[in-house]
Amino acid sequence: MKYRILILIISSFSLTQLNAQDYKKDSLQFKIITQIKYKSGAVQDIKLKKVLCDYCTEKQTKQLGLQALKLASLEQNDPKNKKENGIKILSIYIRLAKTDFSAIK
């Protein structure tokens, strides 16, 4: 399954507003909460805490969680996320086209 990550930078306000409205119509956004545990500056563990979706099937929830864990592992060494000791909670937002989301069965 392909996940599309969209990064959009447009200087014109009206065009940005138009694209945001169009994008909202044909896509779904999911919030997934992950936890990265650090000890002596090294990652000890990455856990999935919660997938926030009221209408997802079990398989859809599992796939979103797996994708969020992959994204959290990419973010683990980012200086703004890294801790010497402790736990960092990451909220990961995944936006999918409705057609791609419905294809997860």
Side-chain angles (χ1 to χ4, degrees):
M1 170 171 208
K2 294 180 183 177
Y3 290 94
R4 297 180 194 143
I5 298 174
L6 177 68
I7 299 173
L8 183 63
I9 301 172
I10 300 174
S11 60
S12 172
F13 174 73
S14 61
L15 188 55
T16 303
Q17 187 177 9
L18 178 65
N19 285 340
Q21 289 172 352
D22 290 345
Y23 191 63
K24 234 183 212 183
K25 275 190 227 176
D26 66 349
S27 67
L28 300 168
Q29 179 173 302
F30 305 96
K31 180 178 180 180
I32 299 106
I33 301 170
T34 59
Q35 169 184 303
I36 304 174
K37 184 176 180 182
Y38 292 94
K39 186 173 182 183
S40 301
V43 175
Q44 291 294 111
D45 191 23
I46 300 176
K47 289 184 182 177
L48 177 67
K49 296 302 281 181
K50 189 170 191 170
V51 176
L52 299 170
C53 180
D54 295 334
Y55 48 84
C56 294
T57 65
E58 187 176 328
K59 185 166 184 181
Q60 290 168 332
T61 302
K62 184 178 178 181
Q63 289 298 320
L64 288 169
L66 290 173
Q67 185 63 26
L69 287 172
K70 289 177 187 177
L71 292 171
S73 68
L74 294 174
E75 291 288 323
Q76 70 186 359
N77 292 320
D78 189 343
K80 67 181 178 189
N81 295 328
K82 199 165 184 171
K83 290 189 168 195
E84 186 61 32
N85 289 309
I87 295 174
K88 175 68 178 180
I89 304 292
L90 289 177
S91 294
I92 296 175
Y93 293 88
I94 296 176
R95 191 176 286 258
L96 292 172
K98 289 179 182 178
T99 54
D100 291 342
F101 180 70
S102 64
I104 305 172
K105 295 194 182 195

Determine the minimum heavy-atom distance between T61 and C56, stating which atoms define it.
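Taking T61 first and C56 second, the nearest heavy atoms are OG1-CB, 3.4 Å.
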
Apply side chain to side chain contact (heavy atoms under 4.5 Å, CB included) to L64 and I104, showing your working.
CA-CA 10 Å; L64 288 169; I104 305 172; 5.6 Å; no

Can you tell me how far apart CD1 (I92) and NZ (K31) are? Round to the nearest 0.5 Å.
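Going from CD1 on I92 over to NZ on K31, the span is 11.5 Å.
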
Out of curiosity, F30 CZ to Q67 CD, how far, rounded to the nearest 0.5 Å?
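Rounded to the nearest 0.5 Å, the CZ-CD separation comes to 12.5 Å.
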
Listing request: all disulfide bond (SG atoms under 2.5 Å apart) pairs with a residue in residues 58-105, at least two apart in sequence or in separate chains.
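Output for this query is empty, none listed.
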
May I have the list of side-chain donor-acceptor pairs in residues 33-53 shorter than 3.5 Å, sequence neighbours left out?
from	atom 1	to	atom 2	distance (Å)
T34	OG1	L90	O	3.4
Y38	OH	Q76	O	2.5

Would you please classify the geometry between the Y55 ring and the F101 ring as parallel, tilted or perpendicular, with 30° and 60° separating the classes?
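Because their plane-to-plane angle is over 60°, the rings of F101 and Y55 count as perpendicular.
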
Are the side chains of I32 and L71 in touch, meaning some heavy atoms are under 4.5 Å apart?
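No; the side chains remain at least 4.5 Å from each other.
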
Should I94 and L74 be counted in the same cluster of Ile, Leu, Val, Met, Phe, Trp and Tyr side chains packed under 4.5 Å apart?
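Yes, one cluster joins them.
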
Please answer whether the main-chain N or O of S102 pairs with a side-chain N or O of K98 as donor and acceptor at a distance below 3.5 Å.
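No; judged by distance alone, with no hydrogens or angles, the pair does not exist.
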
